[in-house]
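In what follows, chains are A, B, ... by sequence order, proteins preceding strands, each numbered from 1. It should be emphasised that the depicted structure is a prediction, and the values quoted were computed from it without experimental measurement.
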There are 2 protein chains.
Amino acid sequence: MDARIESDDRGRKVAVEACAEPCAIERGMRVLGGKWTGSILWHLKDEPVRFNDLTRMVGGASKKMISERLRHLETHGLIDRRVLDTRPLGVAYQITPKGQTALRFLDELRRWSEEELGLTDDEPAEDEPT
Amino acid sequence: MDARIESDDRGRKVAVEACAEPCAIERGMRVLGGKWTGSILWHLKDEPVRFNDLTRMVGGASKKMISERLRHLETHGLIDRRVLDTRPLGVAYQITPKGQTALRFLDELRRWSEEELGLTDDEPAEDEPT
DNA sequence: TCAATCAGTATACTTTTGGTAACCTTGTGG
DNA sequence: CCACAAGGTTACCAAAAGTATACTGATTGA
């Protein structure tokens, strides 16, 4: 992450300590950057939530997405899945201690979005509608 | 972001204050979550960097990606582009004050990745290679 | 019997990304 | 004249990501 550009003996430029393929920022993004991933984790911050409740909370995401993201988060050890023996059967997802550590930064992101991006910041005012 | 599930008079569940389409976390991710986007901004944190130097620093990203991301960041006001009148001509990109505000959280992400994801955490140990 | 809940899968399809490689323009040096 | 650097753009393509809809199978309950 401390890449510099230097010149070799013949004046050609070379990168020193270039940020190779998966630097920390990229790796983190691959874990938490997928669509809905952060939101889902965020919704689990206070208490275990059941599958269908999650789909209701994250309006807009399909069940497929929810279950894909949940498995992804589980694989990374950020949440954990518990089968309940309730009457119509049930599954609750809850955040793990490791998952908790991500909340700090998700909260930073949330705060940043709210302060620096307005509420209306999909793609900022583009001219020329062609 | 404070979605809850409640039951109506007939026992059906409904989401209250569901996290609608683009909640803060999702919106932030759309701005900084693209591949290379965070890394590029990060590389500008200390000083202006020129286009080709950037492509050398972020080994693995093509010129197309770099220029696409740069324009994206510029559109969002996080960096700014200055043409220098040097001998073979040059362009320097530098972070804006608004861009600086994102560094706080990028740094959180970087730290989180380093601490919680190892260095070797592409996709955690999957079994069944088919 | 019909309907609904739970927790997903399966299938099909569209959209968005990301990546390659070639090309362009201006200017310099050999 | 040729090659090279700078700072890109363009065309094209493959793969990944996301959406929509339907369906399973067990159980409950009107």
Any chance you could lay out the side-chain contact (heavy atoms from CB on, under 4.5 Å) test for B:Y93 and B:V49, step after step, and finish with the verdict? CA-CA 5 Å; B:Y93 291 89; B:V49 180; 5.8 Å; no
Just how far, in rounded Å, is C1' of C:dC6 from CZ of A:R81? 12 Å
Kindly indicate, with the supporting measurements, whether the criterion side-chain contact (heavy atoms from CB on, under 4.5 Å) is fulfilled by A:R82 and A:V91. CA-CA 6 Å; A:R82 277 196 5 245; A:V91 177; over 6 Å; no
Taken to the nearest whole Å, CG/A:L54 to P/C:dC6 is 13 Å
Tell me whether the side-chain N/O atoms of B:R71 come closer than 4.0 Å to OP1 or OP2 in D:dG8. no
Could you tell me how far apart B:F51 (CZ) and C:dT25 (C1') are, to the nearest whole angstrom? 15 Å
Ionic contact status for B:R50 with B:D53, cut-off 4.0 Å: no
To the nearest angstrom, the CG-C1' distance between A:L84 and C:dA7 comes to 11 Å
Side chains of B:Q94 and B:I79 in contact at under 4.5 Å (non-hydrogen atoms): no
So, do A:W36 and A:I66 sit near enough that their side-chain heavy atoms are less than 4.5 Å apart? no
B:F105 vs A:F105 aromatic rings, parallel, tilted or perpendicular, using cut-offs 30° and 60°? parallel
From CE of A:M29 over to C1' of D:dA17, roughly how many Å is that when rounded to an integer? 17 Å
Give each protein N/O atom lying under 3.5 Å from an N/O atom of nucleotides 14-19 of chain C, with the pair distance.
{"unit_1": "C:dG18", "atom_1": "OP1", "unit_2": "B:K35", "atom_2": "N", "d": "3.2"}
{"unit_1": "C:dG18", "atom_1": "OP2", "unit_2": "B:R69", "atom_2": "NH2", "d": "2.0"}
{"unit_1": "C:dG19", "atom_1": "OP1", "unit_2": "B:K35", "atom_2": "NZ", "d": "3.2"}
{"unit_1": "C:dG19", "atom_1": "OP2", "unit_2": "B:W36", "atom_2": "NE1", "d": "3.3"}
{"unit_1": "C:dG19", "atom_1": "N7", "unit_2": "B:K64", "atom_2": "NZ", "d": "3.0"}
{"unit_1": "C:dG19", "atom_1": "O6", "unit_2": "B:K64", "atom_2": "NZ", "d": "2.2"}

Separation of C:dC6 atom C1' from A:R82 atom CZ, nearest Å, is 16 Å
Distance in angstrom units between B:I40 CD1 and D:dG7 P, rounded: 14 Å
Among residues at least two apart in sequence or on other chains, which ones pass salt bridge (Lys or Arg N to Asp or Glu O under 4.0 Å) with A:R104? B:E108
Between B:E26 and A:T37 the two heavy atoms that sit nearest each other are OE2-N, 4.3 Å
Using a distance-only test with no angle check, is there a side-chain donor-acceptor pair under 3.5 angstrom linking B:R71 and B:S67? yes
Nearest-angstrom distance from the residue atom CD1 of B:I66 to P of D:dT10: 18 Å
Just N and O in the side chain of B:R50: are any of them under 4.0 Å from OP1 or OP2 of D:dG7? yes
B:T86 vs D:dA6: side-chain N/O to OP1/OP2 distance below 4.0 Å: no
Summarise how protein sits on nucleotides 23-30 of chain D as a single string, 5' to 3': B when a protein heavy atom is under 4.0 Å from the base, S for sugar-phosphate-only contact, - for no contact. --------
